Amino acid sequence: DEQAREWLAVRNRGLTLVYQTERLLGDPSAPLMPIFRERLTAMVADFKRHLDRSLAPKDRHTIEERLAELVSLLRELEYES
């Protein structure tokens, strides 16, 4: 059904962004200020908790909100670099 496909698409985007962000955090040469590193680490942990708990299409909006917050922080980091 359409809702299930949308939910899976959002969930997959979230998992991809978490993976990419964790790679960035693990890169010692990444020019991250400590405050951004701390914020990103906390936000990724929070996002992963929400992903782990989201088991149904009804959770899609919560995941989308968290995804938007993480993207916003990454954009903020991009402008600071």
Side-chain angles (χ1 to χ4, degrees):
D1 108 315
E2 185 67 25
Q3 285 184 336
R5 277 192 296 275
E6 289 175 4
W7 173 72
L8 285 174
V10 168
R11 186 174 169 78
N12 287 340
R13 279 196 314 268
L15 289 170
T16 299
L17 188 60
V18 164
Y19 172 76
Q20 292 170 343
T21 305
E22 287 179 330
R23 284 189 56 206
L24 175 67
L25 288 169
D27 181 0
S29 66
L32 295 175
M33 294 187 322
I35 188 72
F36 277 118
R37 189 174 292 277
E38 290 172 18
R39 288 175 62 195
L40 271 176
T41 301
M43 192 168 281
V44 166
D46 181 58
F47 191 75
K48 286 170 72 172
R49 273 193 302 277
H50 278 83
L51 280 175
D52 288 343
R53 285 187 269 166
S54 70
L55 301 172
K58 66 179 175 59
D59 299 323
R60 186 182 110 220
H61 295 294
T62 302
I63 297 303
E64 285 176 328
E65 289 171 2
R66 297 287 190 246
L67 185 57
E69 290 171 3
L70 184 54
V71 167
S72 176
L73 181 58
L74 288 167
R75 283 189 181 137
E76 186 179 330
L77 192 154
E78 181 180 15
Y79 291 125
E80 292 292 322
S81 298

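Being a predicted model, the structure only gives us computed values, none of them experimental. Side chains included, hydrogens not; waters and symmetry mates left out as well; all remaining heavy atoms used.
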With a 4.0 Å cut-off on N to O distance, would you call D46 and R49 a salt bridge? yes
Partner residues of E69 under the salt bridge (Lys or Arg N to Asp or Glu O under 4.0 Å) criterion, sequence neighbours left out: R66
Could you tell me whether the side chain of H50 reaches within less than 4.5 Å of the side chain of E65, counting heavy atoms only? no
Can you tell me how far CD of Q20 sits from CG of L24, rounded to the nearest 0.5 angstrom? 9.5 Å
Scanning both residues in full, the closest heavy-atom pair of A4 with D1 reads N-OD1, 3.0 Å
Among all residues two or more places apart in sequence or in another chain, which pass the salt bridge (Lys or Arg N to Asp or Glu O under 4.0 Å) test with R5? E2
hydrophobic_cluster_shared for L51 and W7, side chain cutoff 4.5 Å: no
Just checking E22: does its CD atom have more than 12 heavy atoms from other residues, nucleotides or ligands closer to it than 6.0 angstrom? yes
Path from L17 to L8 over hydrophobic side-chain contacts below 4.5 Å: no
Non-hydrogen atoms of G14 and L67 that approach each other most closely: CA-CD1, 3.9 Å
Indicate if Y19 and M43 have the same hydrophobic cluster label, given that clusters are the connected sets of ILVMFWY residues with side-chain heavy-atom separations under 4.5 angstrom. no
May I ask whether L32 and F47 are part of the same hydrophobic cluster, defined by side-chain heavy atoms of I, L, V, M, F, W, Y residues being less than 4.5 angstrom apart, directly or through others? yes
Run the side chain to side chain contact (heavy atoms under 4.5 Å, CB included) check on T16 and R13 step by step: do they pass? CA-CA 5 Å; T16 299; R13 279 196 314 268; 5.7 Å; no
Before giving the answer on side chain to side chain contact (heavy atoms under 4.5 Å, CB included), spell out for L40 and L70 the whole-Å C-alpha distance, their side-chain angles and the decisive distance to 0.1 Å. CA-CA 8 Å; L40 271 176; L70 184 54; 4.0 Å; yes
Counting distance only, does the side-chain N/O of S72 pair as donor-acceptor with the main-chain N or O of A68 below 3.5 Å? no
